Chemist: 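Got a structure here, written out as structure tokens. Questions coming.
Here the structure is a predicted model, which is why all the values come from computation and not from measurement. Letters go in sequence order (proteins before strands), and every chain restarts at 1.
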Number of protein chains: 2
Amino acid sequence: MGSIDNPRVHELSQILKALGHPTRLFIIEEIAEEPACVCVLKERIGADTSTVSKHLSILRNAGLVTMEKKGTMVYYSLSCACIKDCIKALSPLIELKHKRYCEMLQ
Amino acid sequence: MGSIDNPRVHELSQILKALGHPTRLFIIEEIAEEPACVCVLKERIGADTSTVSKHLSILRNAGLVTMEKKGTMVYYSLSCACIKDCIKALSPLIELKHKRYCEMLQ
DNA sequence: TGAATATTTTGCAATATCGCCAAATAACAG
DNA sequence: CTGTTATTTGGCGATATTGCAAAATATTCA
């Protein structure tokens with residue numbers, strides 16, 4: 001049945017890998033609220049423009065975001081609302097981890 | 001509001017990073033069906049036992065799996081069913097990517 | 001055309017990840 | 001205790017990721 005060579009697994013893991021970086025996850029959550037251009041994201045992140053642009057290219061490559069040019073600026077937005085659902089789905093796990101952490105302290 | 005220093009973002013990205021590897025995602029989907037021990041996972045994956053064990057430790061560290069010893073064997077299982085939901089939530093994106101790919105070919 | 005602004009690309013050094021091997025640890029059976 | 005099996009850990013080379021700086025590209029405006 002499910003094999004490690006299943007292309008679906010690789011496709012999914014590429015998407016999850018793209019989400020698995022603080023800066024990129026932050027970008028995703030920002031543009032989930034409202035599309036934003038690189039210069040604004042750069043300000044909110046506090047990193048070099050080239051760094052932000054590279055993260056965006058990784059997200060683009062994984063198909064997570066779409067870009068739209070307006071003048072010299074490029075606005076990025078989520079390519080699928082389901083990405084929000086994916087992240088939201090992990091809330092119970094986060095809570096569980098906090099609960100376990102509190103128990104561990106005792 | 002949402003800042004790049006928000007610990008929640010880092011916690012979430014750690015989880016997603018752990019999921020962002022083909023072997024680890026495969027493990028997650030396997031044990032989502034039914035808990036499995038390292039030796040069985042090793043067979044299904046076709047990698048060194050130590051490699052599988054190390055992937056499992058990453059998943060453990062991210063709080064995604066829990067272990068239970070039975071004799072000399074260690075059985076791993078999902079720590080939260082929500083992980084399945086997280087992965088399932090991405091199906092529309094996968095479909096979207098396929099659709100885009102087909103359009104691109106024309 | 002030429003200056004100004006926004007973004008991407010390239011180059012590079014620092015760091016992290018990956019996968020195998022070998023050694024260490026743990027649990028059980030005889 | 002000894003040998004056996006299952007798993008984890010440490011070590012190490014190969015490869016990938018990360019982030020900044022500099023150069024290249026694209027678009028607008030004068």
Chemist: Whole-Å distance between C:dT7 C1' and A:I45 CD1?
Modeler: 14 Å
Chemist: Hey, which of these two, B:V40 or A:G46, hits DNA chain D nearer its 5' end, going by closest nucleotide?
Modeler: B:V40
Chemist: Between C1' on C:dT7 and CD on A:E68, what's the gap in Å once rounded to a whole number?
Modeler: 16 Å
Chemist: Nearest whole angstrom, please: distance from the P of C:dA27 to the CE of B:M67.
Modeler: 10 Å
Chemist: So if I take every side-chain heavy atom of B:V74 and compare against C:dG19, D:dC20, D:dT7, which nucleotide ends up nearest?
Modeler: D:dT7
Chemist: What's the NZ-C1' distance between B:K70 and C:dA26, to the nearest Å?
Modeler: 18 Å
Chemist: So, is A:H21 close to the D:dG19 phosphate, meaning a side-chain N or O under 4.0 Å from OP1 or OP2?
Modeler: yes
Chemist: For A:S50 and A:M73, find the nucleotide of DNA chain C closest to each by heavy atoms; which residue's nucleotide sits nearer the 5' end?
Modeler: A:M73
Chemist: Is B:T51 near enough to C:dC20 that one of its side-chain N or O atoms lies under 4.0 angstrom from OP1 or OP2?
Modeler: yes
Chemist: Can you find a side chain N or O atom of B:T72 that sits less than 4.0 Å from OP1 or OP2 on C:dA27?
Modeler: no
Chemist: Closer than 4.0 Å, any side-chain N/O of B:K69 to the OP1 or OP2 of D:dT7?
Modeler: no
Chemist: So if I take every side-chain heavy atom of A:S53 and compare against D:dT18, C:dT9, D:dG19, which nucleotide ends up nearest?
Modeler: C:dT9
Chemist: Would you sort out whether A:N61 and A:I58 count as a side chain to side chain contact (heavy atoms under 4.5 Å, CB included), showing the intermediate values?
Modeler: CA-CA 5 Å; A:N61 218 265; A:I58 291 168; 5.6 Å; no
Chemist: Is a donor on one side and an acceptor on the other found under 3.5 Å between the side chain of A:H55 and the backbone of A:L25?
Modeler: no
Chemist: Determine: side-chain N/O of B:H55 to OP1/OP2 of C:dT17, distance under 4.0 Å, yes or no.
Modeler: no
Chemist: Considering every strand and a 4.0 Å limit on heavy-atom distances, what is the contact class for A:Y76: base, sugar-phosphate, or nothing?
Modeler: sugar-phosphate
Chemist: Rounding to a whole Å, what distance do you find between B:D48:CG and C:dA23:P?
Modeler: 14 Å
Chemist: Nearest 0.5 Å, what's the CD1-CG distance between B:I15 and A:L19?
Modeler: 12.0 Å
Chemist: How long is the line joining NE2 of A:H10 and P of C:dC18, in whole Å?
Modeler: 13 Å
Chemist: Under 4.0 Å, heavy atoms only, any strand: does A:K54 hit a base, just the sugar-phosphate, or nothing?
Modeler: base
Chemist: Is there a donor-acceptor pair under 3.5 Å between the side chain of A:S53 and the backbone N or O of A:T49?
Modeler: no
Chemist: Taking atom P of D:dT17 as reference, at what distance in whole Å does atom CG of B:L16 sit?
Modeler: 17 Å
Chemist: By the salt bridge (Lys or Arg N to Asp or Glu O under 4.0 Å) test, which pairs, at least two apart or in different chains, include something from residues 84-106 of chain A?
Modeler: none
Chemist: B:F26 has an atom CZ; how far is it from atom P of C:dG19, in whole Å?
Modeler: 14 Å
Chemist: Contact class for B:K42 vs. all strands (heavy atom < 4.0 Å): base, sugar-phosphate, or nothing?
Modeler: nothing
